[in-house]
Amino acid sequence: MTIPTILIFDLLGVFVFALSGALAAARKDMDIFGYVVLALLPAIGGGTVRDLILNTSVFWIDQSIYVVVAAIAGVLVFFFSVRVGQRYNVLKWADALGLSLFCVMGASKAYAMTSDPVIAVTLGVVTAVVGGILRDVVCNEIPLILKREIYAIAAITGSTVYCIASALALPELWSLFIGGVCAFTVRALAIIYHWSLPTGR
Amino acid sequence: MTIPTILIFDLLGVFVFALSGALAAARKDMDIFGYVVLALLPAIGGGTVRDLILNTSVFWIDQSIYVVVAAIAGVLVFFFSVRVGQRYNVLKWADALGLSLFCVMGASKAYAMTSDPVIAVTLGVVTAVVGGILRDVVCNEIPLILKREIYAIAAITGSTVYCIASALALPELWSLFIGGVCAFTVRALAIIYHWSLPTGR
Amino acid sequence: MTIPTILIFDLLGVFVFALSGALAAARKDMDIFGYVVLALLPAIGGGTVRDLILNTSVFWIDQSIYVVVAAIAGVLVFFFSVRVGQRYNVLKWADALGLSLFCVMGASKAYAMTSDPVIAVTLGVVTAVVGGILRDVVCNEIPLILKREIYAIAAITGSTVYCIASALALPELWSLFIGGVCAFTVRALAIIYHWSLPTGR
């Protein structure tokens, strides 16, 4: 896996997360601007918060392609939302791919900058889940991933495995790959077997 | 138009946006602190998020006059909300003025720092609309501008025209003025003719 | 009071605020990840926003102990929420302690960096109350402190007194102590006598 390959996967993750946001806009009966805003929130929200916390340059400021791709996803869903909605199962799996990529890439950036595995795992999870939380908050709903889904656990697993691999001095691309596969596996098992976490009561 | 003139317009925009927030606090039956917080969110929220994303000094840190003006608007509405509410039409037009100023000044700052028109338009819109979104989210409502209003479109128009004018090497004040007039015109037509965007369905 | 003493008090404040968040997660019937997220928001949210606005390093990036302590509070409440809930009165007083510490420490950091008392008071209040606002927004509720509680007023009092003491060139620890005691006194009186602010109507 080379760096351009990572960019392609990263943009794929952005696109898929943007679709999830725009579909939420469809459910709330928004206008086209609402679709674009709701597409942007999950697509670039998590990475933005991660970069702000790391006090580094926000990733999409130097590469506006991320904003363009997410906005296009929003516009596409506005005009073809019925068809996209029917592809719900495809979306769920693509979202699992995005989650896996986002958590290891977030953990990687944070680990490189702080060398602290607690921060790396925290910001890996932030990258993967904060965008979705922002989407749900703006839609006036309690974020689903805080209530039932095995989703954050997959991000925690992926980020943690990445950190262990990286601490063992594995090559960066191997660490990303192994962490990402672990995150995807946890999320895939949860989707296939309908796993959910118990609540506090 | 000179720089002090811009500061006066800018503070006027802050004051008007603060009134809109404090009136939302009145509808939610808040206490005086709630009025002040709800005044601050739309007045300085959009510019704050813009500056955080640009990784630059937040504009009101060096000029606390912005905070003071917004807080005063909150206190005024707390004591005179009935009368302010009756001026709803005046407010709507003042808000259109604020929107026009905020979008071109946000686009200007972002364009100067990144030279990327996509980022400039994005952050022009962020400056003009994110504060209002924060106000609505804290009030536990789905932001109206995501659902019907021709509001963000006005900000997109103004930011885009500013960027074109600036790319054509027009003097900065002319670019700001032309962009602002275009934003105001779109918003004004939408108010007068009750234009609204179609939703996705 | 020495610097290590401050760290202990600060961590106590974080722990208590984290408990308040996790108890909100319990009321919303969340899973264990939801408890941890809701614990983190009030515990480190206010200080994070303060540091972002000051354009300085976020405090917990260099000291992940804050994240660990808040996460532990979330996990503890998940397994023992019934018992923690019964200690509601103890919590209310511990929360008052956290509020008092957070507002003076936020004001202190902002005053040292900007020398502007308006910014210092603003960010003292931000440190003390924004985390709780984030907690309530994610729980899809209008923040209670914007509606009735004498809570922000305590933070404003503490931050203001700190600034006055600091401007009078009192030693830093004395200024922190006097400001914190004033904040605590206001909040304590409000708890004991059930004071609440009038709303706008």
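- In this structure, A/D62 CG and B/T114 OG1 are separated by 9.0 Å, a value rounded to the nearest 0.5 Å.
- Contact annotation for A/V138: both backbone and side-chain heavy atoms come within less than 4.5 Å of a heavy atom of chain B.
- At a 4.5 Å heavy-atom cutoff, A/V36 makes no contact with chain B through either its backbone or its side chain.
- Both the backbone and the side chain of B/N140 come within contact range of chain A, judged by heavy atoms closer than 4.5 Å.
- In this structure, no portion of A/L40 lies under 4.5 Å from any heavy atom of chain B.
- Between B/L52 and A/L52, the closest heavy-atom pair is O-CD2, 3.2 Å.
- Between A/N55 and B/N55 there is a side-chain heavy-atom pair separated by less than 4.5 Å.
- Scanning both residues, A/F33 and B/I145, for their nearest heavy atoms gives CD2-O, 4.0 Å.
- How far CD1 of A/I61 is from CG of B/L123: 5.0 Å, rounded to the nearest 0.5 Å.
- Ranked by heavy-atom pairs shorter than 4.5 Å toward chain A, the options B/V125, B/D136, B/L146, B/I119 are led by B/L146.
- Looking at A/S64, the atoms closer than 4.5 Å to chain B (heavy atoms on both sides) sit in the backbone and in the side chain alike.
- Rounding to the nearest 0.5 angstrom, the gap separating the CD1 atom in A/I32 from the CD1 atom in B/I153 is 7.5 Å.
- Only the side chain of B/I156 comes within less than 4.5 Å of a heavy atom of chain A; its backbone N, CA, C and O stay farther away.
- When every heavy atom of A/C139 is checked against every heavy atom of B/I142, the shortest pair comes out as O-CD1, 3.7 Å.
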